[in-house]
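Quick notes on the structure that follows.
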Amino acid sequence: MPRQFFVGGNFKMNPISRAQKKIIIDELNAADLDPNTEVVIAPPSLYLLPLKDIVRNDIKVSAQNCYCKTSGAYTGEISPAQLADAGIPYVIIGHSERRTLFHETSELVAQKTKAALDGSLSVILCVGETLQEREAGKTTQVVESQLREVVTVLNESDWDRVVIAYEPVWAIGTGRVATAAQAQEVHAYIRQYLSTAVSSAVSGNTRIIYGGSVTAANCKELSTQIDVDGFLVGGASLKPEFVNIINVKRN
Ligand SMILES: O=C(CO)COP(=O)(O)O
């Protein structure tokens, strides 16, 4: 079966007001969206339930993070069980902002990924190298080591609910997008790695999406790459052009 194209909008800690959010949701609700593309939006946790209630049914809602325990004394955290109970189907795990600003290790990212999958969520698992690592020729080594931790703790069937987001840190929020060839090279590497480390079925079925300064203007070329199965969009997911990105396969 062909991999379904996937477009996620990571709102990060934006926008500030509920009124601004409503405008974004109203635009999405009114838009003519490609029914063949899976669309997921990830607002700050405070807004998960209100947005879920007002957004159209064919757009799924995702958390931006969760913890690896079911409940307990973990002030400030949300558990996979709580997200599942609230009817939130997806969670982003291992975003570079979590890894860098909040010191999440690949080991913790792997534990969270496993806990989320065990809690019946689907996971958007983020990996990617810094500029320094790319310039040192370590891109694939870094991405592989981030994935290896996860591979170690997942069962083969867990991968049915994992989308891998390749997000080079140097392209996030910088306006500096990876070229289609740079993205394809790393996506192909990830697919090859999944084939050797997990199975050829998981390699063939897992969606690998690109994130990092994706816009309506640059998404077309990226989308034509054979191993690019969609996008995780930050800044542009807050703008009307998000609709054009969702519809890139149709235009
Ligand atoms: O981090 C990202 C998505 O998770 C990408 O952010 P930008 O699209 O703003 O670069």
Side-chain angles (χ1 to χ4, degrees), residues 3-4 6-13 38-49 51-52 55 59-128 143 145-167 190 193-194 197-199 202-203 205-209 211 229-234 237:
R3 297 181 294 268
Q4 187 185 16
F6 181 106
V7 176
N10 177 7
F11 292 0
K12 309 194 179 185
M13 205 170 70
E38 182 175 7
V39 182
V40 174
I41 52 169
S45 55
L46 179 63
Y47 304 109
L48 284 167
L49 286 179
L51 283 202
K52 180 174 170 288
V55 77
I59 295 184
K60 300 184 187 101
V61 175
S62 171
Q64 296 178 10
N65 182 31
C66 70
Y67 198 49
C68 54
K69 305 284 184 187
T70 305
S71 64
Y74 304 103
T75 301
E77 295 295 318
I78 298 179
S79 79
Q82 290 168 330
L83 290 170
D85 181 59
I88 304 300
Y90 268 97
V91 60
I92 297 173
I93 296 184
H95 193 280
S96 75
E97 287 147 20
R98 302 280 337 157
R99 292 178 190 261
T100 310
L101 300 172
F102 303 100
H103 312 294
E104 290 193 11
T105 61
S106 291
E107 194 188 347
L108 178 62
V109 168
Q111 285 169 7
K112 288 180 169 199
T113 302
K114 180 64 178 160
L117 293 166
D118 286 349
S120 72
L121 301 178
S122 295
V123 171
I124 303 165
L125 169 68
C126 301
V127 295
V143 167
S145 78
Q146 291 170 339
L147 285 172
R148 192 182 308 120
E149 296 285 345
V150 177
V151 164
T152 313
V153 297
L154 298 199
N155 301 321
E156 187 169 345
S157 61
D158 286 334
W159 288 94
D160 294 349
R161 281 176 290 118
V162 177
V163 175
I164 297 175
Y166 168 57
E167 300 209 315
I190 292 171
Y193 174 70
L194 289 177
V198 191
S199 71
V202 165
S203 166
N205 294 336
T206 302
R207 286 168 300 173
I208 306 173
I209 63 175
D229 303 313
F231 302 113
L232 187 55
V233 185
S237 70

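None of the values given here were measured: they were computed from a predicted structure.
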- For A81 and T70, which heavy atoms make the closest approach, and how far apart are they? CB-CG2, 3.7 Å

- Approximate separation, where rounding is to 0.5 Å, of I92 CD1 and I124 CD1: 5.0 Å

- Task: Evaluate the side chain to side chain contact (heavy atoms under 4.5 Å, CB included) criterion for residues V150 and L125: first the C-alpha distance (whole Å), next the side-chain angles of each, then the deciding distance (0.1 Å), finally the verdict.
- Result: CA-CA 9 Å; V150 177; L125 169 68; 3.9 Å; yes

- Check against side chain to side chain contact (heavy atoms under 4.5 Å, CB included), E167 and V127: CA-CA 6 Å; E167 300 209 315; V127 295; over 6 Å; no

- Any donor-acceptor pair under 3.5 Å linking the side chain of T100 with the backbone of S96? yes

- 4.5 Å side-chain heavy-atom contact, L147 and I164: yes

- Message: Nearest 0.5 angstrom please: C68 SG to D118 CG, how far?
- Response: 11.5 Å

- At what distance, to the nearest 0.5 angstrom, does OG1 of T152 lie from CD of E149? 6.0 Å

- Kindly indicate whether the side chain of R3, heavy atoms from C-beta on, has any atom under 4.5 Å from the side chain of N205. no

- How about Y47 and I41: do any of their side-chain heavy atoms sit closer than 4.5 Å? no

- Message: Assess the residue pair V153 and Q111 against the criterion (side chain to side chain contact (heavy atoms under 4.5 Å, CB included)); give the C-alpha distance rounded to whole Å, side-chain angles, the decisive distance to 0.1 Å, and a yes or no.
- Response: CA-CA 8 Å; V153 297; Q111 285 169 7; 6.0 Å; no

- Task: Look at the rings of F6 and Y90 and say which category their plane angle falls in: under 30° parallel, 30 to 60° tilted, over 60° perpendicular.
- Result: perpendicular

- Item | Closest non-hydrogen atom pair between V91 and A116, with its separation | CG1-CB, 3.8 Å

- Item | Flag side-chain contact, heavy atom, 4.5 Å: K12 against E97 | yes

- Message: Distance check, rounded to the nearest 0.5 Å: Y67 atom OH versus T75 atom OG1?
- Response: 11.0 Å

- Message: Determine whether a donor-acceptor pair (N or O, by modelled atom type, separation under 3.5 Å) exists between the side chain of E77 and the backbone of Y74.
- Response: no

- Task: Drop me the distance from I209's CD1 to E38's CD, to the nearest 0.5 angstrom.
- Result: 9.5 Å

- So CG of L83 and OG of S120: to nearest 0.5 Å the spacing works out to 10.0 Å

- Message: Strictly distance-based, threshold 3.5 Å: is any side-chain N or O of R207 a donor or acceptor partner for the main-chain N or O of Q4?
- Response: yes

- Task: Apply ring-ring contact (aromatic ring centres under 6.0 Å, His included) to F11 and list each qualifying residue two or more places apart in sequence or on a separate chain.
- Result: none

- Item | Within-4.5 Å side-chain heavy-atom neighbours: K60 and V39 | no

- Task: Taking the side chain as every heavy atom from C-beta outward, state whether C66 and P80 have any atom pair closer than 4.5 Å.
- Result: yes

- What are the two closest heavy atoms between S45 and I78, and how far apart are they? CB-CD1, 3.5 Å

- Task: Please examine the side chains of N10 and H95, heavy atoms only from C-beta on, and report whether any two atoms are closer than 4.5 Å.
- Result: yes

- Task: Indicate yes or no for a side-chain donor-acceptor contact from R161 to the backbone of L121 under 3.5 Å, with no hydrogens or angles considered.
- Result: yes

- Tell me, do L48 and P43 make a side-chain contact under 4.5 Å, heavy atoms counted? yes

- Item | Closest contact, heavy atoms only, V55 versus I59 | CG1-O, 3.8 Å

- Donor-acceptor contact present, side-chain K52 to main-chain V61, <3.5 Å: no

- Taking it one step at a time, do L194 and W159 satisfy side chain to side chain contact (heavy atoms under 4.5 Å, CB included)? CA-CA 10 Å; L194 289 177; W159 288 94; 3.9 Å; yes

- Go through R99 and E104 one step at a time and tell me if the salt bridge (charged side-chain N to carboxylate O under 4.0 Å, His left out) criterion holds. CA-CA 4 Å; R99 292 178 190 261; E104 290 193 11; over 6 Å; no

- Note on the structure: Nearest heavy-atom approach of T113 to V109 is OG1-O, 2.7 Å

- Message: With a 3.5 Å distance limit and no angle check, can you tell me whether T206 reaches the backbone of S203 through a side-chain donor-acceptor pair?
- Response: no

- Query: L232 and A165: which non-hydrogen atoms are nearest, and at how many Å?
  - Reply: CD2-CB, 4.0 Å

- Judged by atom type as modelled, is there a donor-acceptor pair below 3.5 Å linking the side chain of Q146 to the main-chain atoms of S106? no

- Item | Sidechain-backbone polar pair: D229 side chain, I208 backbone, donor-acceptor under 3.5 Å | yes

